[in-house]
Amino acid sequence: MWTLDGDNMNRKIFDVVVIGMGPVGLTLAASLARRGRSVAVVERHAGLYGMPRAGHIDHEIVRILQSLDAAAPVLADAYPTVEYVWKNRSGETLLEFDWGAKAVSGYNSDYMQYQPLLEDALFAQIKDHPLVTLYRGWEAAEFEQHVSSVRSVLYKTELQADHHVPVRTQESEVIEGAWLVGADGANSVVRRWLGIERDDLGFNEKWLDVDARKKREFKLDFDCGQICDPARPLTVLPLGKRHRRWEWAMMPGETREQLEQPETAWKLLAEQGVSRDDVEIVRQIVYTFEARIARQWRDKRVFLAGDAAHTMPPFQGQGMCSGMRDAMNLAWKIDHVMRGWSSDALLDTYQQERYAHVYDWTIISIESGKIPCTLDPVEAEARDARFRGGWRPPMPDFPRLKDGVLARDAEYAAVPLAGQLGLQARVKKDGRSALFDDLFPGHGYVVLSTAADPRGSLSESQLAWLDSLGTRFVYVGPEGDPHVDAIDIDGEYARYFAAHGVEVMIVRPDFYVFGAGTLESLPALVESLRQGLFTADAGNVAALAHVAPSPRHGAPGASGAA
Ligand SMILES: Cc1cc2nc3c(=O)[nH]c(=O)nc-3n(C[C@H](O)[C@H](O)[C@H](O)COP(=O)(O)OP(=O)(O)OC[C@H]3O[C@@H](n4cnc5c(N)ncnc54)[C@H](O)[C@@H]3O)c2cc1C
């Protein structure tokens with residue numbers, strides 16, 4: 001960041017200007033700063049929002065937090081979920097999500113957490129970072145896009161009586177970024193400035209959300225899930241160890257004002273056997289759950305991320321998770337382009353990769369949301385009968401990356417593991433046992449093999465190129481092999497590689513596998529990566545190099561991404 005003189009006085013220039021300091025802006029800023037990028041974060045509130053919205057996070061999000069040194073405080077209070085159950089009014093189970101399994105990222109598959117703690121943990125990573133400039137209590141209002149930068153006028157804000165959000169004052173400042181990201185929430189001013197429309201995928205339901213701090217420990221008969229009672233659908237969730245959430249659908253004839261009265265919450269809580277002795281309400285608000293996706297996520301030097309780009313009903317707890325994935329995807333790509341490692345075309349893969357992933361989660365959220373949102377008792381009875389008959393809502397498979405910076409074979413088919421999350425398991429190195437990322441920290445690529453040192457399969461120039469990207473080459477093998485870089489303590493890498501019939505995988509900076517294959521196919525895989533990254537010296541052909549993984553151990557196994 002630097003300040004220019006003369007005409008440009010008082011104009012500060014950053015690599016990236018991030019508008020919005022919600023979980024997505026925080027993740028993006030922390031991730032960019034770790035890559036050495038200067039970042040301005042603009043937030044109209046003087047502090048963090050401090051109120052819970054997202055309850056659920058999955059294992060991928062915990063790995064993202066781990067990479068930003070922010071996992072420990074979140075996990076200390078998070079509640080590893082065992083199951084997420086959907087029952088009908090008479091207590092029959094309609095759907096059960098296995099949220100208790102151990103997942104590919106090295107953690108439990110799912111957790112319930114308290115969002116303010118997650119935001120505090122991320123904020124701790126940027127608040128004193130020398131590359132991060134915080135504009136807290138400033139509103140970004142006017143934008144101009146130039147050939148090599150984006151300019152925004154910021155107005156200082158102040159709190160005024162009768163206003164929920166801080167109000168602009170006359171005091172202003174101009175800042176400029178080589179790139180600007182609107183992580184400014186569902187009502188994004190950045191999106192409106194760009195005139196980008198959102199597609200409405202057709203969900204519009206109002207629910208009363210009541211979040212409470214536990215005053216004492218108590219047990220509920222129903223701990224985590226949905227009660228799909230047409231008389232009053234209800235969501236019950238732990239929000240970490242010290243808070244809980246209840247959500248009730250707004251019924252026909254009810255108003256927001258009625259539902260937001262404190263007595264309404266206490267009456268509804270009493271029906272659940274919860275009293276003022278058990279909890280203190282920290283927030284009571286009616287939300288409208290919508291499913292909307294912006295048609296365009298990039299306009300030259302400006303990007304949309306998080307709720308600014310997409311909103312989805314919360315029934316799968318994937319809104320914030322999706323936004324944090326956007327941030328991770330965007331951070332390494334902006335960094336690559338700024339370092340000259342990739343051409344600007346790499347940035348077009350941001351929407352290409354993330355849109356389809358978000359779309360799938362949105363459809364899953366809508367289809368599952370229709371179940372509790374059935375208010376007609378006759379329809380609800382028919383729904384329950386269908387479930388008894390084995391019917392399940394039509395939903396896409398667990399989302400993965402389908403296109404973008406992924407290895408393809410000569411027929412343009414995805415190679416094993418491409419687009420899935422790469423395994424993180426426990427390894428031992430120099431006598432220390434820990435999760436892989438803790439023992440091999442970094443923000444670049446990982447070339448990991450269970451067969452031999454992967455360096456041995458690559459040419460000098462390929463090694464030099466991968467080294468220049470900060471790649472970690474790791475041979476993970478059994479105890480007793482003197483050549484290994486790390487010991488596969490629990491044999492998880494051996495099992496995973498065998499299940500997918502591969503010897504080596506290239507993992508991208510956002511933990512998605514670029515591609516996997518045999519060591520023999522590794523040089524072709526690396527060439528394909530060079531092309532996929534739009535590097536200056538690689539022709540960006542549509543069909544990538546032939547990487548012919550020829551699996552040794554038969555067909556790939558299950559996705560392992562859930
Ligand atoms: C009831 C409910 C339950 C949910 N449950 C889950 C769940 O279990 N799991 C999950 O993953 N997601 C869940 N979500 C969704 C999740 O809360 C959101 O997706 C997430 O908070 C969005 O983060 P964000 O950073 O994109 O936007 P926000 O959190 O909205 O942050 C945007 C920020 O930008 C600031 N801003 C806006 N305009 C300007 C401007 N012009 N200048 C400066 N600052 C500006 C705002 O003040 C705000 O702080 C839930 C949502 C709700 C409502």
Side-chain angles (χ1 to χ4, degrees), residues 1 10-34 37-54 65 68 70 114-143 150-160 163-177 179-194 283 285 302-309 311 319-320 323-324 326-328 330-331 334:
M1 185 266 288
N10 292 331
R11 184 152 56 87
K12 297 200 179 118
I13 304 191
F14 302 87
D15 289 341
V16 186
V17 170
V18 178
I19 312 294
M21 206 169 65
V24 176
L26 287 164
T27 305
L28 182 61
S31 185
L32 284 165
R34 280 177 180 242
R37 307 266 60 106
S38 63
V39 192
V41 188
V42 186
E43 169 56 54
R44 63 155 73 100
H45 291 275
L48 293 170
Y49 188 48
M51 285 291 164
R53 283 93 78 217
L65 294 170
L68 301 172
Y114 190 61
Q115 185 172 347
L117 279 181
L118 179 144
E119 292 178 6
D120 284 348
L122 287 168
F123 183 64
Q125 299 306 317
I126 62 167
K127 72 178 167 49
D128 299 319
H129 198 293
L131 289 172
V132 179
T133 304
L134 295 173
Y135 288 89
R136 294 197 286 166
W138 289 83
E139 183 175 301
E142 289 144 32
F143 307 90
V150 192
R151 191 177 298 178
S152 173
V153 182
L154 311 185
Y155 290 91
K156 191 132 190 60
T157 62
E158 64 182 21
L159 278 174
Q160 285 181 10
H163 283 84
H164 290 306
V165 285
V167 177
R168 253 191 239 180
T169 65
Q170 295 296 314
E171 188 181 343
S172 69
E173 189 168 318
V174 177
I175 63 170
E176 206 160 307
W179 309 92
L180 182 140
V181 182
D184 51 343
N187 295 318
S188 170
V189 291
V190 176
R191 190 186 65 234
R192 276 186 272 133
W193 160 55
L194 294 172
R283 133 178 273 222
I285 185 170
V302 182
F303 299 89
L304 300 177
D307 276 18
T311 52
M320 179 185 76
M324 288 174 70
D326 297 345
M328 286 302 280
L330 203 44
I334 289 179

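Index from 1, following the sequence.
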Answer yes or no: is there a side-chain heavy-atom contact under 4.5 Å between [X] and [Y]?
X: His129; Y: Val39; result: no
X: Leu330; Y: Trp179; result: no
X: Arg37; Y: Leu131; result: no
X: Val132; Y: Val41; result: yes
X: Thr133; Y: Ile175; result: no
X: Met320; Y: Leu118; result: yes
X: Pro23; Y: Gln115; result: yes
X: Glu119; Y: Arg53; result: yes

Interatomic spacing from [atom1] in [X] to [atom2] in [Y] - rounded to 0.5 Å:
X: Ile334; Y: Ser31; atom1: CD1; atom2: OG; answer: 9.5 Å
X: Glu139; Y: Glu43; atom1: CD; atom2: CD; answer: 9.5 Å
X: Arg44; Y: Glu158; atom1: CZ; atom2: CD; answer: 14.5 Å
X: Ile285; Y: Met51; atom1: CD1; atom2: CE; answer: 9.5 Å
X: Asp120; Y: Lys127; atom1: CG; atom2: NZ; answer: 10.0 Å

Work out which heavy atom in [X] is nearest to a heavy atom in [Y]; give both atom names and the distance.
X: Ile19; Y: Ala140; answer: CD1-CB, 3.5 Å
X: Val18; Y: Ala183; answer: CG1-CB, 4.3 Å
X: Thr157; Y: Trp138; answer: OG1-N, 4.0 Å
X: Ala70; Y: Gln125; answer: CB-CG, 4.5 Å
X: Val190; Y: Asp184; answer: N-OD2, 3.1 Å
X: Val153; Y: Ser172; answer: CG1-CB, 4.2 Å

> Between Thr311 and Asp307, is a side chain to side chain donor-acceptor pair (under 3.5 Å) present by the stated rule, with each step listed?
Replying inline: CA-CA 5 Å; Thr311 52; Asp307 276 18; over 6 Å; no

>> Between Arg151 and Glu176, is the salt bridge (charged side-chain N to carboxylate O under 4.0 Å, His left out) condition met? List the steps.
In response: CA-CA 4 Å; Arg151 191 177 298 178; Glu176 206 160 307; 3.1 Å; yes

For [X] and [Y], indicate whether the former's side chain and the latter's backbone hold a donor-acceptor pair under 3.5 Å.
X: Ser152; Y: Phe143; value: no
X: Arg191; Y: Gly182; value: no
X: Thr27; Y: Met324; value: no

> For Leu134 and Phe123, what are the C-alpha separation, side-chain angles and deciding distance, and is it a side chain to side chain contact (heavy atoms under 4.5 Å, CB included)?
Replying inline: CA-CA 10 Å; Leu134 295 173; Phe123 183 64; 3.6 Å; yes

> Taking the inter-plane angle between the rings of His45 and Tyr49 on a 0 to 90° scale, is it parallel (under 30°), tilted (30 to 60°) or perpendicular (over 60°)?
Replying inline: tilted

>> Can you list everything that forms a ring pair (Phe, Tyr, Trp, His ring centres under 6.0 Å) with Tyr155? Sequence neighbours excluded, please.
In response: none

